[in-house]
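Worksheet for the structure shown next.
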Amino acid sequence: KLYYRNIIGIRRKKNCLIYMKWQRSKFDNSNRQSSESIKNSLSVFIGLIFFRLVLDYIYVHIISPIYAYSGFICERNISGFILSWGIYIVFFPLVKNIVLSNEEHISTIITTTIYLISFTPFTSLIYMGVIPDRLIITMCLYWCILLILLGFANRSMKKRSPVLYAGVYPLDDKLVVIIGIIASLVVVFVSWIYTDFHLQLDLEVYGQRSKAAAFAMPQILRYMFSWSSAIIPLIFAYSVIHTKIIPAIWYLAVSFLSFGVDGSKTVLFMPILVLVVIILAKKINFCQIKVILIYGITAVAIISAMIYKLRKSITLVSLFVRRVLYVPAIINVYYFDFFSSHEPDFFRSGFLSKLGATSPYTKYVDIPHTIGMVYYHNPNTGANNGLFSDAIANLGFMGIIIMPFFTTFVIWLFDRCTYGLDKRIILASAMYISFALVSSSLTTTLMTHGLIVMMVITSVMKRDDYIVENMIGKEKWIKAQLT
């Protein structure tokens, strides 16, 4: 009995020492994580403030003087300054935890990106006197609901959630290769039949886009060609990461062919962006990636302004700062103004048209061309836009409350499809989808821009079993050792 008591006593002491060491290490780790969290929060906050300052400077000194005729007016005042910066700072806590999250979820990258390229220009335009008061209230309500829902979805994804995954089978790589070959052959076929292998070497692409819109192309082929714009950059990233050089070169060449067909700048620049992501994201965590994203977009804006000041070239400012950041924010104003006095479309221009529904906005083809005719006085201008514009165009003011739920659900679903993939593939996918959500309606992003197809492809890409199945935390492991 004495012997067994001694053995039990020794084991209890040993377990006690292990538990104390674990508690001490846990306390040290929490202190270290707390100081690192404060440092990262400060870095993110400074980066966002600096980005907004850079945007304000470029708008006031470059964009407004040149493009004031197309709605880029500048009527600054002190009340607009206080209001715009107040809104920008007040919304920071809603996005802070998402930006600082180190979880490898595609939703955090998408949220950070749309916050940078959509919400920040909106607050800048408040200062410039472009946004009417009613729109400020409505937009703030929309963004508040969307960011709260995305934050809630991000927290729920830290727990065990269903993963849409069909990977780790011998067919994985073959299936991805087959999908990539089909997508690239579609592009080659369309380029051959409709453009005679035309290579677009000029970034002024509106003439080529008009020609592409007039192609007598079967609807299914048009969809497949649009899907290839999403598939090819994704499989290009997959090929580069797995050091498949010849397929990577092939997909890069196909991207240039695709650009020659419809002049889509996304298709042209996505492979370049993918390469940058692959190089930078190899040895850094997700939080650091989002910090780099903030400072990287700021750096591109600064470089574009410097090129204009030094060489009087407006190209980069026009393509990036004006077209990518400010034009969607301006179009939000037009959609709000138009649908404040017109009935919502209720998706009759979208998927309900396939069921026989008729939209009241078919006089100028569809809603984007109607907005283009009314506000740009050009029926050939398609003022495509997403997020807020999509909400108010399809569901009116009720869409401000309803559409964020749909958007969050789609992002959550995509997160479940990409969970466990190489983070560089996650980043490449996130960049494409973020820009698609900002510039197109949700249904267009799902169908025409190929988000559904991307979900299918990412769900069959290979990943390790333990990433998907083993979601047990370190604390549970320690407790298991003690028992």
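Just so you know, these numbers come straight off a predicted model, no measurement behind them. FYI, the numbering just counts along the sequence from 1.
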- Item | Main-chain N/O of Ala430 paired to Ser434 side chain as donor or acceptor, under 3.5 Å | yes
- Item | Steps toward side-chain contact (heavy atoms from CB on, under 4.5 Å) verdict (Leu442, Leu451) | CA-CA 10 Å; Leu442 185 60; Leu451 178 53; 5.6 Å; no
- Item | Minimum side-chain heavy-atom gap Met128-Glu75 below 4.5 Å | no
- Task: Give a yes or no on whether the backbone of Phe338 and the side-chain of Tyr375 come within a donor-acceptor separation of less than 3.5 Å.
- Result: yes
- Message: Rounded to the nearest 0.5 Å, what separates atom CG in Leu55 from atom OG1 in Thr298?
- Response: 7.5 Å
- Message: For a 4.5 angstrom cut-off between non-hydrogen side-chain atoms, does Arg134 reach Met139?
- Response: no
- Query: Could you give the distance from CD1 (Ile297) to CG (Leu293), rounded to the nearest 0.5 Å?
  - Reply: 4.5 Å
- Message: For Phe256, I'd like to know if atom CZ has over 12 heavy atoms of other residues, nucleotides or ligands within 6.0 Å.
- Response: no
- Are side-chain heavy atoms of Tyr419 and Ile106 found at a separation under 4.5 Å? no
- Passes side chain to side chain donor-acceptor pair (under 3.5 Å), Tyr326 versus Ser124? Steps please. CA-CA 9 Å; Tyr326 277 115; Ser124 177; 2.8 Å; yes
- Query: Hey, does Phe414 have a side-chain heavy atom less than 4.5 Å from the side chain of Ser429?
  - Reply: yes
- Note on the structure: So CD1 of Ile179 and CD1 of Ile231: to nearest 0.5 Å the spacing works out to 7.0 Å
- Message: Below 30° counts as parallel, above 60° as perpendicular, anything between as tilted: where do the rings of Tyr88 and Trp85 land?
- Response: perpendicular
- Keeping the roles fixed (side chain from Thr408, backbone from Phe405), state whether a donor-acceptor pair exists under 3.5 Å. no
- Message: Any heavy-atom pair between the side chains of Ser118 and Leu387 that's under 4.5 Å?
- Response: yes
- Message: Quick one: does any side-chain atom of Ser84 pair with a main-chain N or O of Phe81 as donor and acceptor, under 3.5 Å?
- Response: yes
- Item | Atom pair CD1/CD1 of Ile457 and Ile235 - distance to nearest 0.5 Å | 5.0 Å
- Main-chain N/O of Ile73 paired to Tyr59 side chain as donor or acceptor, under 3.5 Å: yes
- Message: Please determine whether side-chain contact (heavy atoms from CB on, under 4.5 Å) holds for the pair Ile137 and Asp133, giving the CA-CA distance in whole Å, both sets of side-chain angles, and the decisive distance to 0.1 Å.
- Response: CA-CA 7 Å; Ile137 297 170; Asp133 293 342; 5.7 Å; no
- Considering all heavy atoms, the nearest Tyr432-Ser229 contact: CE1-O, 3.7 Å
- Message: Ignoring hydrogens, what is the shortest heavy-atom contact between Pro271 and Leu252? Give both atom names and the distance.
- Response: CB-CD1, 3.6 Å
- Query: Which word best sums up how the rings of His61 and Tyr57 line up, parallel for under 30°, tilted for 30 to 60°, or perpendicular for over 60°?
  - Reply: tilted
- Task: Any chance you could measure Leu116, atom CG, to Thr111, atom OG1, to the nearest 0.5 Å?
- Result: 11.0 Å
- Would you check if Phe197 and Val188 make a side-chain contact, meaning some heavy-atom pair closer than 4.5 Å? yes
- Task: To the nearest 0.5 Å, tell me how far Leu48 CG sits from Ile89 CD1.
- Result: 10.5 Å
- Can you tell me if CD1 on Ile246 sees more than 12 non-hydrogen neighbours from other groups inside 6.0 Å? no
- Task: Measure across Lys290 and Ile98 and return the closest heavy-atom pair with its distance rounded to 0.1 Å.
- Result: NZ-O, 3.0 Å
- Query: Could Arg222 and Phe225 be counted as a cation-pi pair, given that NZ or CZ must be under 6.0 Å from the ring centre and within 45° of the axis?
  - Reply: no
- Item | Check: Trp227 side chain, Met447 main-chain N or O, donor-acceptor pair, under 3.5 Å | yes
- Closest heavy-atom pair, Asp262 versus Ser258, reported as atoms and distance to 0.1 Å, is OD1-O, 3.1 Å
- Should Ile245 and Val240 be marked as a side-chain contact (heavy atoms from CB on, under 4.5 Å) after you check the CA-CA gap, both sets of side-chain angles, and the distance that decides it? CA-CA 6 Å; Ile245 305 302; Val240 172; over 6 Å; no
- Task: Could you point out which residue of Phe122, Phe45, Phe119, Tyr115 forms a ring-ring contact (aromatic ring centres under 6.0 Å, His included) with Phe91?
- Result: Phe119
- Taking all atoms of both residues into account, what is the closest heavy-atom pair of Tyr308 and Val317, and its distance? CB-CG2, 4.3 Å
- Query: Are Ile307 and Ile314 side-chain neighbours, meaning at least one heavy-atom pair lies under 4.5 Å?
  - Reply: no
- Message: If only side-chain N and O atoms count, and only distance matters, is there a donor-acceptor pair under 3.5 Å linking Tyr334 with Asn385?
- Response: no
- Query: Just wondering, are more than 12 heavy atoms of other shown residues or ligands nearer than 6.0 Å to CZ in Phe406?
  - Reply: no
- Message: Please check this pair: side chain of Tyr295 against backbone of Gly47, looking for a donor-acceptor N/O pair closer than 3.5 Å.
- Response: yes
- Item | For Phe92 against Val44, the heavy-atom pair lying closest together | CE1-CG1, 3.8 Å
- Message: side-chain contact (heavy atoms from CB on, under 4.5 Å) for Ser107 and Trp412? Distances and angles first, verdict last.
- Response: CA-CA 7 Å; Ser107 59; Trp412 177 85; over 6 Å; no
- Message: Contact between Met270 and Phe236 at the side-chain level, heavy atoms closer than 4.5 Å - yes or no?
- Response: no
- Query: Is there a donor-acceptor pair closer than 3.5 Å between any side-chain N or O of Thr120 and the backbone N or O of Ile117?
  - Reply: no
